[in-house]
Amino acid sequence: MTTHGNRYGEYGEYTVTTKAIQPQNTPGGNNDAIAPYRCFPAAELHQNLAAHSEEQLKLFLESWEDLPVDSYMKDGADYRRRRYGSFHWAAGELVADPAGVFHQTQEVNALHGGVDRAFPPLSESVRESGVLDTLIRFFMARLPGEFDPATSGVGVHQIRITATHDADGLPAPEGVHEDGHHFVAQVLMRRTDVDGGESQIFDRNRRPIHRTTLLDAFESLVIDDRRVFHGVSAIRPVDGVRRGIRDMLLIDYFPLRGCHAATEDRRGAR
């Protein structure tokens with residue numbers, strides 16, 4: 001994985017914008033024949049991460065200890081911590097984009113959409129991590145639909161949700177929603193001293209079609225965001241503890257140009 005310093009340098013910062021889209025088949029594919037989500041047990045991820053040492057995996061997981069509070073939460077809520085970065089593909093190599101802003105339309109995210117959110121960037125060690133590269137490639141090869149890396153980008157969110165006895169943690173404060181991408185991988189990194197956190201998938205008529213609770217590190221769920229809505233129930237500490245956490249890695253897969261699901265807008269060209 002490489003850090004790319006000048007692909008958009010002449011334009012300054014860039015924006016990744018996500019918009020709501022209508023459910024449809026992926027061009028060139030037959031999405032009707034493919035379930036709109038896939039589940040992966042932790043063991044399958046560990047098998048694909050076997051080339052990485054225990055120390056490398058430990059350092060990757062520990063990077064969730066260094067997430068700043070999400071300053072864009074409504075009402076000054078401080079239960080979510082977050083970092084974000086995006087990548088593109090060049091000659092089969094995953095290349096990190098310069099720091100920019102993340103934007104969701106209000107149609108996609110009625111709670112936090114409509115504003116540019118300049119999340120703290122991924123740390124250099126995470127951006128350059130072979131573990132992250134392996135995870136991005138693992139899910140890209142197993143998406144529930146067609147995906148062309150040559151014309152697509154990848155967004156990576158590190159998120160920690162904290163729950164206390166005074167306040168539940170809300171992994172999805174916007175409720176049942178879509179993200180505005182083509183595909184989203186939801187990867188559990190750590191779950192400590194919490195109940196709840198049930199992942200829920202709904203069809204486009206908002207009828208429930210799948211529910212599961214991710215329990216083990218690297219247990220994962222991947223959705224076709226064009227064909228489903230999703231949500232996650234609140235977390236709360238188990239009895240006898242004051243605080244619990246749920247750490248997630250979210251990986252977005254989206255087309256870079258010429259598609260209504262996600263576009264890359266250059267600030268100097270807007």
For residues Val154 and Leu45: do they belong to one hydrophobic cluster (side chain heavy atoms under 4.5 Å, members Ile, Leu, Val, Met, Phe, Trp, Tyr)?
yes
N-O pairing of Arg190 and Glu62 below 4.0 Å:
no
Salt-bridge test for Arg204 and Glu178: reply yes if a basic N is under 4.0 Å from a carboxylate O, no otherwise.
yes
Whether Asp203 side chain and Val228 backbone form a donor-acceptor pair below 3.5 Å
no
Does some side-chain heavy atom of Arg160 sit less than 4.5 Å from a side-chain heavy atom of Arg80?
no
Assigning hydrophobic clusters by single linkage (Ile, Leu, Val, Met, Phe, Trp, Tyr; side-chain heavy-atom cutoff under 4.5 Å), is Leu49 placed with Val222?
yes
Could you check Gln158 against Met248 for side-chain contact (heavy atoms from CB on, under 4.5 Å), going step by step and ending with a plain yes or no?
CA-CA 6 Å; Gln158 288 184 286; Met248 292 294 295; over 6 Å; no
Minimal non-hydrogen separation, Ser129 against Phe60, with atom names:
OG-CD1, 3.7 Å
side-chain contact (heavy atoms from CB on, under 4.5 Å) for Leu170 and Tyr79? Distances and angles first, verdict last.
CA-CA 8 Å; Leu170 304 178; Tyr79 61 83; 3.4 Å; yes
Separation between CZ of Arg246 and CD1 of Ile161, rounded to the nearest 0.5 Å
8.0 Å
Can you tell me how far apart CZ (Arg38) and OG (Ser220) are? Round to the nearest 0.5 Å.
11.5 Å
In one Ile/Leu/Val/Met/Phe/Trp/Tyr side-chain cluster, 4.5 Å: Leu135, Val156
yes
side-chain hydrogen bond (donor to acceptor under 3.5 Å, both in side chains) assessment of Asp97 paired with His88
CA-CA 7 Å; Asp97 296 321; His88 66 276; 2.6 Å; yes
If you round to the nearest 0.5 Å, how far is CG of Asp247 from CZ of Arg191?
11.5 Å
I'd like to check Phe119 versus Asp70 (side-chain heavy atoms, cut-off strictly below 4.5 Å). Are they in contact?
yes
Would you say the side-chain atoms of Glu219 pair up with the backbone N or O of Leu215, donor to acceptor, closer than 3.5 Å?
yes
Test side chain to side chain donor-acceptor pair (under 3.5 Å), reference His157, set Arg82, Gln186, Arg83, output is Arg82
Would you say Leu57 ends up clustered with Leu59 if hydrophobic residues are merged whenever their side chains have heavy atoms under 4.5 Å apart, either directly or through other cluster members?
no
Between CG of Leu188 and CG of Leu249, what distance do you get to the nearest 0.5 Å?
10.0 Å
Main-chain N/O of Arg207 paired with Asn205 side-chain donor or acceptor, under 3.5 Å
no
Under 3.5 Å, is there a donor-acceptor pair between the side chain of Asp168 and the main chain of Thr164?
no
Derivation and outcome, side-chain contact (heavy atoms from CB on, under 4.5 Å), residues Arg137 and Thr134
CA-CA 5 Å; Arg137 292 175 184 272; Thr134 295; over 6 Å; no
Decide whether a cation-pi geometry holds between Arg226 and Phe183; the criteria are a distance under 6.0 Å from NZ or CZ to the six-membered ring centre and an angle within 45° of the ring axis.
yes
Hey, any chance Val187 and Phe147 share a hydrophobic cluster, counting ILVMFWY side chains that come within less than 4.5 Å of each other, even indirectly?
yes
Taken to the nearest 0.5 Å, the spacing of Met189 CE from Leu250 CG works out to 10.0 Å
Minimal heavy-atom distance between Pro173 and Met73, with the atoms involved, is CG-CE, 4.2 Å
Looking at Gly180, is its backbone amide N or carbonyl O close enough to the side chain of Asp225 to form a donor-acceptor pair, meaning the two atoms are under 3.5 Å apart?
yes
Show the nearest heavy-atom pair for residues Ser233 and Pro171, with the distance to one decimal.
O-CD, 3.4 Å
Close aromatic pair by centroid cut-off 6.0 Å: His46 and Phe218
yes
Give the minimum heavy-atom separation between Ala35 and Pro144, together with the two atoms involved.
O-CB, 3.3 Å
Verdict with supporting geometry, Arg142 and Asn48, side-chain contact (heavy atoms from CB on, under 4.5 Å)
CA-CA 13 Å; Arg142 296 163 176 81; Asn48 279 267; 3.7 Å; yes
Kindly give the heavy-atom pair with the smallest separation between Val232 and Ala172, and that separation in Å.
N-CB, 3.8 Å
For Phe138 together with Phe40, are the ring centres under 6.0 Å from each other?
yes
Strictly distance-based, threshold 3.5 Å: is any side-chain N or O of His52 a donor or acceptor partner for the main-chain N or O of Ala50?
no
Nearest heavy-atom pair of Arg242 and Pro237: which atoms, and what distance?
O-CG, 4.0 Å
If I take atom CG from residue Leu132 and atom CG from residue Leu94, how far apart are they, to the nearest 0.5 angstrom?
7.0 Å
Between the side chain of Tyr253 and the main-chain N/O of Ile136, is any donor-acceptor distance below 3.5 Å?
yes
Taking Ser199's backbone N and O only, do any of them form a donor-acceptor pair with Thr212's side chain (distance below 3.5 Å, no angle check)?
no
Cationic N near anionic O, under 4.0 Å, Arg236 to Asp195
no
Knowing that exactly one of Phe202, Phe229, Tyr37 qualifies, which makes a ring pair (Phe, Tyr, Trp, His ring centres under 6.0 Å) with His210?
Tyr37
